[in-house]
Amino acid sequence: MSLAHEEVLSHPDHDIPLEYSTEDGVLKIFGFWIFLATDLILFACLFSMYQILHLNTAGGPTEQDLYNVPEFMAETLILLVSSFTCGLATLEMRKGHRGALMAWLIVTVLLGLSFIFLEVREFVDYVGRGATMQRSAFLSSFFTLVGTHGCHVSLGILWMLSILYQLGRRGIQAITARKVFIVGLYWHFLDVVWVFIFTVVYLQGVMH
Amino acid sequence: MGLVVSIVLTLLALWVVQAHALSHAMLLAVILVLAVLQIVVQLAFFMHFTESAGPRYHVSALALGFVFTFCIVAGSIWIMTFGGTQPY
Amino acid sequence: MQLCSSVFTLGFLKDTPDPSEVDVMNKQVLRRPTTNRSRAVWRCGTLLMLIPLLATGCSPQVVMLHPVGPVGRIEERLIILSIVLVTIVIVPVFVLLWYIVRRYRDVPGNDAPYRPEFSESRTLEIVWWGVPILIIGILAVFTARDTFALTKPPERSAPPLTVQVTSLDWKWLFQYPGQKIATVNYCYIPTNRPIQFILTANAPMNSFWVPQLGGQEYTMPGMAMQLWLQADKPGVYHGRGAQFTGKGFAHMTFDVTATSQAQFDAWAKQIQKTAPALTEAGYTNLAHPGLVGKMSFSSYPPNIFHDVIMKEGGMYMKHDKAVLEGEK
Amino acid sequence: MALPGYVGNAPTSFFVTGDPMIYASDVLIVLTVIGIVFVLTYYKKWGWLWREWLTTVDHKKIGIMYLIAALLMLFRGGTDAVLMRTQLALPNMHFLEAEHYDQIFTTHGTIMILFMAMPLVFAMMNIAVPLQIGARDVAFPYLNAISFWLFFFGALLLNLSFVIGGSPDGGWTSYPPLVENPTDPGPGENFYLLALQISGIGSMATGINFLVTILKMRAPGMTLMRMPLFCWSILATSILIIFSFPALTIALALVLIDRLFDAHFFTMLQGGNPMMYINLFWVWGHPEVYIVVLPAFGIFSEVIATFSRKRTFGYSSMVASMLAIAVISYLVWLHHFFTMGAGPGVNTFFAISTMCVGIPTGVKVFNWLFTMYQGRIRMTVPMLWSIGFIPTFAIGGATGVMLAVAPADYQYHNSYFLIAHFHQTLIGGVVYGMFAGLYYWWPKMFGFILNERIGRWAFWFFNIGFYVCFLPQYQLGFMGMTRRIYVYPAGMGWTALNLISTIGAYLMAVGFVLIVVDILYSIRYGERDVTGDPWDGRTLEWSLPSPAPHYNFARIPTVTARDAWWVMKGERKRGEVKRELEPLEPIHMPNNSGRPFILSVLFFLGGFGLVFEWYWLAIPSGIGVMVCLLLRSLEYNMDHYIPVSEIKRTEAALGRS
Ligand code: HEA
Ligand code: HEA
Ligand code: CUA
Ligand SMILES: [Cu+2]
């Protein structure tokens with residue numbers, strides 16, 4: 001990376017969080033925000049696809065046949081809580097508490113895993129009832145939209161594990177702090193996307 | 001705090017849907033508004049949205065992202081409804 | 001008109017169909033007037049030099065600019081209007097470019113003023129934000145007006161005739177719900193009467209285009225689109241699919257013959273009497289990819305048009321019940 | 001009455017067979033590969049290739065690699081064009097069969113836009129942007145290398161389809177349901193989908209990279225409103241890339257899911273809705289055309305100001321218009337399918353928003369004209385391309401406005417009028433712009449100037465050929481000729497115009513060959529650029545030696561005004577400021593890495609596996625990709641410092657202090 005031209009290095013300031021303390025950190029965090037904007041458009045396309053196809057059931061299972069309120073509420077609450085614990089992890093990092101940071105991250109990972117577990121169970125259940133992706137346009141778009149989110153979450157879990165390993169080896173320093181912050185952004189973003197899946201897919205589906 | 005608000009918002013959304021109190025279109029509108037509020041909560045409480053070193057370009061980037069998202073979703077749905085009915 | 005049409009009618013090439021392909025492409029709408037060969041060669045030379053003029057050249061073969069019905073005429077008027085409007089800004093660009101590049105060349109002894117810091121002018125900026133806004137404004141008004149106008153039947157005096165069109169791989173099927181007959185790769189229409197073409201596809205999406213009658217519209221599986229056209233003059237008009245559909249696409253042409261109402265009725269009678277019927281099996285066969293010539297059928301299974309649309313996704317569209325039941 | 005050679009299934013054999021042209025190219029490809037391997041081995045260049053190029057993260061070298069690849073792709077796409085024009089020269093030609101022609105126009109369009117125009121744009125921005133803003137590299141050099149290699153292997157994948165498996169033949173827009181399994185079996189379409197997907201990921205990364213670079217890495221004093229217009233154009237383009245490419249990603253992914261896993265997004269049965277693909281494709285497709293044309297606008301702004309020896313006229317409205325174009329271009333995508341009949345309200349809205357793009361574009365045209373006004377115009381080759389651009393693009397844009405008149409588009413749609421429109425904007429805008437940039441920045445890239453005389457000949461052949469080729473096509477459109485037909489009957493009056501158009505295409509090919517000749521000639525005889533500032537330039541890249549050292553700036557300049565280098569030269573000439581040279585400091589630079597290359601190879605293998613549904617290849621490659629990402633994440637020593645002594649030595653060798 002080239003020398004910093006932004007204020008960050010020229011006026012070292014103790015109030016600046018560690019993750020912003022290097023030029024590299026500033027660039028990567030900003031770059032990640034932009035990446036999130038692209039992911040936003042990606043999901044926007046999947047959502048419009050779903051909205052247009054969700055009634056095209058081709059005589060197969062419909063939304064009402066499939067969605068189950070306790071099930072998707074459980075998924076939603078788990079993800080919301082995990083977003084919160086992930087936020088706590090960032091706060092602990094700001095305070096420099098490595099142990100607490102890692103603990104909260106582990107909690108987040110566990111919540112993420114249980115979310116994925118529930119989702120996989122839901123998918124398996126649907127498929128068992130003949131609601132496969134090949135059955136109708138509605139199901140193609142359902143599995144693609146929700147599945148894409150699920151893939152993102154799974155990736156996030158792997159990513160957090162790698163960061164946990166790095167935290168264990170190197171402690172909290174500029175680079176690991178940046179990574180924790182960025183994975184946090186990612187996780188909260190996925191939570192936002194889920195809120196829309198909750199609304200547009202599940203709530204709309206059980207509305208009638 | 002953030003957690004409480006977001007859980008309240010979620011339960012509220014579930015409740016309006018289950019209560020069958022509103023018309024279809026109104027319901028959709030209400031739950032979408034609730035979802036948007038959730039975004040605000042996430043951004044403000046968890047994502048440290050207002051923080052940055054130097055100019056806040058990421059705020060404009062995300063704002064632009066929301067605008068284009070709206071254009072794409074609303075535009076696509078508008079186009080795909082074919083003026084409401086098929087002539088045939 | 002005459003002048004330019006003679007300039008642009010070229011006869012120097014042996015421009016006649018290859019006999020082996022006539023059966024597939026026997027669509028000579030307008031016979032080119034035979035031209036003296038040497039004169040044509042000379043014309044070709046002029047033409048090469050006058051290439052920029054081509055964009056405005058206009059023999060009767062320039063079908064878009066020689067419409068024979070109200071729909072095509074509305075579109076032609078818009079085309080001309082838009083040409084005129086864009087010319088208003090494009091010509092000054094050309095003139096300015098030519099003048100500036102000539103005048104301000106960096107050659108020794110050029111006494112034109114040199115002001116390297118001249119880079120702002122409020123007045124000039126207002127001019128070139130303003131004039132285009134004005135022009136676009138005018139164009140926008142006419143565009144909006146005609147866009148809405150063309151979704152309605154062109155003339156209300158005569159009752160419309162409905163023709164259902166299905167694009168197949170790689171042929172066109174026309175069904176006449178009023179006459180209960182069907183044709184392939186050609187159709188007849190009465191003149192001076194609005195025709196409501198209802199378009200669908202039982203194959204990848206195509207586009208139904210008869211340039212002399214008016215613009216095109218997509219034929220899409222599962223959809224039934226509506227296209228109003230009308231012919232004022234009897235004649236044979238060339239039509240073709242305009243949206244690529246694979247290997248046989250280039251041969252997906254058809255003729256639209258416009259005749260008087262009496263001749264049209266006579267033609268329909270004749271088909272009803274002499275042609276074979278189209279059966280379900282016959283339709284399935286027809287829908288199979290491949291090329292065929294012109295065909296006529298005295299009747300067809302009454303619901304195929306409707307059923308094909310419904311099967312391919314039509315059931316998910318909201319339908320205008322009045323049209324659906326009124327016309328069938 | 002089947003078409004000759006039609007009935008039956010698509011080729012099932014792995015290697016495409018049955019056509020002498022294909023065999024010939026097979027042989028040619030094998031010979032070329034053997035030749036390259038031999039030369040590299042003979043001159044012991046393998047190590048050099050790996051160290052200096054395959055593992056580089058230097059934006060200048062990446063730019064050069066983009067340039068070479070793009071020129072090769074221009075040759076491939078141009079050869080396709082010449083073949084098509086040959087087939088269309090006369091009615092009822094038997095030069096190409098339908099299947100062949102369909103493949104050729106598909107690969108022509110796809111290659112020209114995605115593997116020629118895009119990388120050419122990326123080449124220019126890699127070469128110039130960091131130098132113009134006074135930075136030592138882009139924000140994420142490692143990611144930049146990944147972008148390049150993903151593009152490269154995406155392009156390789158598409159080109160491979162020519163000899164293995166068969167080329168795609170659904171048009172560059174690739175509309176379903178035509179490209180779904182039942183009507184388009186065989187791997188061709190899979191090649192298209194995966195090649196675009198792989199290179200698309202790279203493009204998206206490039207967009208993010210340059211947005212961050214421009215916003216965050218400018219030299220001190222270079223405020224946004226002091227930035228060269230080329231950088232502004234890249235900023236606008238990056239915004240467009242970031243917000244439009246995801247739509248392409250989704251559109252392609254869904255078709256792929258349909259094809260590989262029998263889903264029903266766009267099929268005719270089971271409730272699929274093919275119109276939704278058209279919608280998503282153009283949500284990306286329309287911004288895409290501005291993605292490629294805005295950088296060209298930026299180049300023209302630089303070239304015209306430099307060779308008129310004058311400040312850019314109306315800088316702020318140039319910036320405003322660029323941003324306006326970028327934003328409006330998200331509101332116009334429906335103009336590519338007016339004839340789908342989404343209703344008069346929809347058509348009117350999109351027609352008017354489309355026309356509105358003409359307003360800011362017009363402002364740019366007039367500002368260019370008045371940049372030349374009262375200047376001193378030097379007719380160098382880059383300037384020739386820029387001046388040639390103005391009338392071609394004005395006509396192309398004007399016909400665009402005509403197309404935007406929705407009811408009239410019911411006539412023009414899919415006719416040769418449309419073909420003429422977009423070649424006039426794509427060639428007259430993008431290709432002219434990139435050629436201008438090529439000649440303009442060539443000395444900065446390689447240290448010598450391209451021969452002006454040959455360059456002028458090339459320009460005139462290309463420019464005249466261009467008009468001869470495409471003006472007749474407007475008329476063909478008016479005469480009812482539709483696109484994507486491989487034969488047309490005689491007697492429609494189309495013959496002469498088609499023949500003229502074909503002649504024009506040959507003239508353009510001569511022009512292109514002359515450019516290649518110019519490059520080869522100048523490599524040997526070209527004039528060396530010893531000053532680093534051969535054109536008397538205005539922006540910071542000309543303050544550096546040609547070619548620039550790998551760290552670009554030994555000292556980061558401080559910018560005080562627009563046209564920073566021009567101002568500095570003025571100050572120096574007048575002897576006004578004699579700044580004390582600050583002492584040199586060690587420079588922080590990223591390390592080279594072979595991982596971007598390996599990662600992209602894995603992507604390539606994964607893509608190839610998916611094309612043939614060979615999951616035994618695709619899945620391990622996917623895992624390999626993940627492992628590469630993980631390894632990167634665990635890597636902490638990614639950069640090094642260049643010591644002052646080495647900087648001093650390098651600068652002295654370049655004749656600077
Ligand atoms: C670089 C590429 C490029 C550019 C810059 C443009 C620019 C424009 N394009 Fe074009 N277009 C394409 C590439 C491009 N296009 C391609 C590839 C396709 C077809 C793809 C396919 O189907 O395969 C296409 C298709 C296309 C269509 C679809 C037609 C159809 O399918 O039926 C339309 C319709 O509105 C359109 C309109 C426009 C307009 C209004 C502009 C405007 O931006 C033009 C603005 C410029 C000017 C107007 C000139 C300068 C202005 C002045 C000198 C002064 C002011 C002028 C006026 C007030 C008139 N284009
Ligand atoms: C940047 C984009 C770009 C560029 C530069 C070009 C360049 C050219 N294009 Fe292309 N074109 C498209 C983008 C582009 N095109 C697109 C998107 C389509 C739509 C595709 C679709 O429908 O899906 C299209 C379609 C298209 C068609 C319509 C095909 C059809 O619908 O049936 C035609 C026909 O004339 C054509 C012609 C040309 C010509 C003559 C050139 C010339 O400029 C080329 C000049 C030639 C060279 C620069 C190379 C020189 C080559 C040699 C020296 C080799 C000589 C070798 C031999 C003689 C074997 N193009
Ligand atoms: Cu001139 Cu018709
Ligand atoms: Cu467009």
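Values below: every heavy atom of this structure, side chains too, minus hydrogens, waters and symmetry copies. Order of the sequence lines sets the chain letters (A, B, ...), proteins ahead of strands, with each chain counted from 1.
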For this session: Using a cut-off of under 4.5 Å on heavy-atom pairs, state which of D:F266, D:F261, D:Y636 scores highest against chain A.
Result: D:Y636

Exercise. Does the side chain of D:S633 come under 3.5 Å of the side chain of A:Q166 through a donor N or O and an acceptor N or O?
Worked result: yes

Problem set entry | Structural part of A:T148 lying under 4.5 Å from a heavy atom of chain D | neither

Exercise. Where on A:Y165 is there a heavy atom nearer than 4.5 Å to chain D: the side chain, the backbone, both, or neither?
Worked result: side chain

Exercise. Where does A:L155 contact chain D at under 4.5 Å (heavy atoms): side chain, backbone, both or neither?
Worked result: side chain

For this session: Decide yes or no for A:L53 and D:F265: does some side-chain heavy atom of the first lie under 4.5 Å from some side-chain heavy atom of the second?
Result: yes

Exercise. Is chain D contacted by the side chain of A:L158, its backbone, both, or neither, given a heavy-atom distance below 4.5 Å?
Worked result: side chain

For this session: Could you look at A:R135 and say if it's the side chain, the backbone, both or neither that has a heavy atom under 4.5 Å from chain D?
Result: both

Exercise. Does any heavy atom of chain D fall under 4.5 Å from the side chain of A:I52, the backbone, both, or neither of them?
Worked result: side chain

For this session: State whether the side chain of D:H264 and the backbone N or O of A:S140 hold a donor-acceptor pair below 3.5 Å, judged by distance alone.
Result: no

For this session: To the nearest 0.5 angstrom, please state how far the CG atom of D:L629 sits from the CH2 atom of A:W159.
Result: 10.5 Å

Seminar exercise, completed: When the 4.5 angstrom heavy-atom criterion is applied to D:L630 and chain A, the contacting part is side chain

For this session: Under 4.5 Å, counting heavy-atom pairs only, tell me which of A:S48, A:A44, A:C45 racks up the most with chain D.
Result: A:C45

